[in-house]
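Here, residue 1 is the first one in the sequence, and each next residue gets the next number. These figures come from a predicted structure and were not determined experimentally. Whatever order the structure lists ligands and atoms in, that order sets their numbers, starting from 1.
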Amino acid sequence: MRSRLTMRIRFKGDVICTLFLVVALLSLLYSQLEHASPVGNKEKTHKKPSGTQWIFPARSIPLRHSKAERIVAQPRIISIAKAVDELNNKGQATTSPSAIHSAFDFKHYLRNKDNRNFRLLINQPKKCHRTPGGPFLLIAIKSVVEDFDRREIVRKTWGREGLVNGAHVQRVFLLGIPKNKTALALWETLVQQESQTYRDILFWDFLDTFFNLTLKEIHFLSWAAEFCSTTKFIFKGDADVFVNVENIVDFLERHDPTEDLFVGDIIYNAHPIRVRKSKYYIPETMYGLGTYPAYAGGGGFLLSSSTMRKLAQACKEVELFPIDDVFLGMCLQRINLKPVLHEGFKTFGITKPSAAPHLQTFDPCFYKDLMVVHSLKVAEIWLMWNLLHSPWLSCTHKKQVKKPFQWKQEAILATRVSVG
Ligand SMILES: *[C@@H]1O[C@H](CO)[C@@H](O)[C@H](O)[C@H]1NC(C)=O
Ligand SMILES: *[C@@H]1O[C@H](CO)[C@@H](O)[C@H](O)[C@H]1NC(C)=O
């Protein structure tokens, strides 16, 4: 009798166990499928209604919409905010399947891979000779000719040239030939004028497309090695990020520019996407291995002068690869340098409210402890920079950081009181 009972229990246990396994397998499959679903083009993923994209510390909640996010093929915990986001975007994704990809011709790319040296049409040869000993930090920002307003705001805010906490900072924008020349009729004049006015334009003779960002990477590194070898450090990033340059300078001052340093939001063990419809589809003929080398994703990364020189050389020797982040990871692997993950390239414990408009948590105190926040609108970058540099800003209690910011007179008065 007893043995029968235990057998029945055991049997029941087995059934439950099997059921559990099946469910787990199905959800894993689902998450992989969902993962491989077509992605809109870069502009689209960046111009989500949610506006600000917060970079989270936990790898398991990739709410970012960087290239990296689509490449990391680990099973994920899908948060509600993410699910809502994806629902909102499903319409877009299905109505316009990845137009870029059908146009992207791998055979053509492979055939032309050796054509990788393009002329520098606008140079700033004296960029790094303005201060004796060279700048402490060179900020290099990827931009496209059409994004004049973004460059303007970066120049006025975190991309300012001059002294930051006693360290010399210089800036360059990295541009190529706009792919749609009719979209901005006067683009050539604009680029010339900008260069004359600000002396911060590097302009190369290749088409400025998503898949040519690797060319930008290579050409920038060779430019830096040739014309800016005196800089101590480099920050390379996108124009749609907010960078806390004070924190970056503070961090870098504790490092030696003659030693290796490569720091950012590092992604480990990402798998190449083999689904044709994906924007990041990479056929096995192009990359046969199962995982990519560690690489920096998101809005930007830091490197030392020494690492810059080594990478400039290494990248010349690595075969072109259409995803620039991964390509740089391959160059790092070639020089046997392990990139370092830094928490400052994320926000600490900030949760994006799924439905609330961004301004409610647009607290400058959030930004005080971090280095790079990804994907902000032009106005948000300007506003955040001004709030952070306001004499009334007081973020003495770390605990306050978790409290949503309120646009109330009382709040402003309270900060004044605490300052006074
Ligand atoms: C280029 O831009 C113009 C003006 O915005 C637009 O009408 C045209 O369709 C664009 N062409 C392409 C190929 O995207
Ligand atoms: C990259 O730029 C070159 C030179 O302008 C161009 O011929 C090529 O089509 C571009 N490649 C891609 C993938 O956009």
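Considering backbone and side-chain atoms alike, Thr209 places an N or O below 3.5 Å from some N or O of ligand 2.
Side-chain contact, Glu188 with Gln192: no donor N or O sits under 3.5 Å from an acceptor N or O. Checking Tyr198 against Glu152 by side-chain atom types alone, a donor-acceptor pair falls below 3.5 Å.
For atom 10 (C) of ligand 2, the candidate residues are Leu207, Asn212, Ile177; the nearest heavy-atom contact is made by Asn212.
Within 4.0 Å of atom 14 (O) of ligand 1, at least one protein heavy atom is present.
Salt-bridge formation is detected for the pair Arg155/Asp200: a Lys NZ or Arg NE/NH1/NH2 atom is positioned less than 4.0 Å from an Asp or Glu carboxylate oxygen.
Taking both residues in full, the closest heavy atoms of Pro178 and Leu207 are given as O-CD2, 4.1 Å, listed atom of the first, atom of the second, then distance.
Numbered from 1 in the order shown, with element, the atoms of ligand 2 that lie under 4.0 Å from a heavy atom of Phe211 read 13 (C). Shown in contact with Phe118 at under 4.0 Å from a heavy atom are these atoms of ligand 2, numbered in order with element: 4 (C).
Rounding to the nearest 0.5 angstrom, the gap separating the CG atom in Asp205 from the CG atom in Leu215 is 11.0 Å.
Closest to atom 4 (C) of ligand 1 among all protein heavy atoms lies Ala183 CA, 3.9 Å. Summary of contacts: the protein heavy atom closest to atom 11 (N) of ligand 1 is Asn180 ND2, 2.9 Å.
In this structure, Lys310 forms no cation-pi arrangement with Phe262, as its terminal cationic atom is not both closer than 6.0 Å to the ring centre and no more than 45° off the ring axis.
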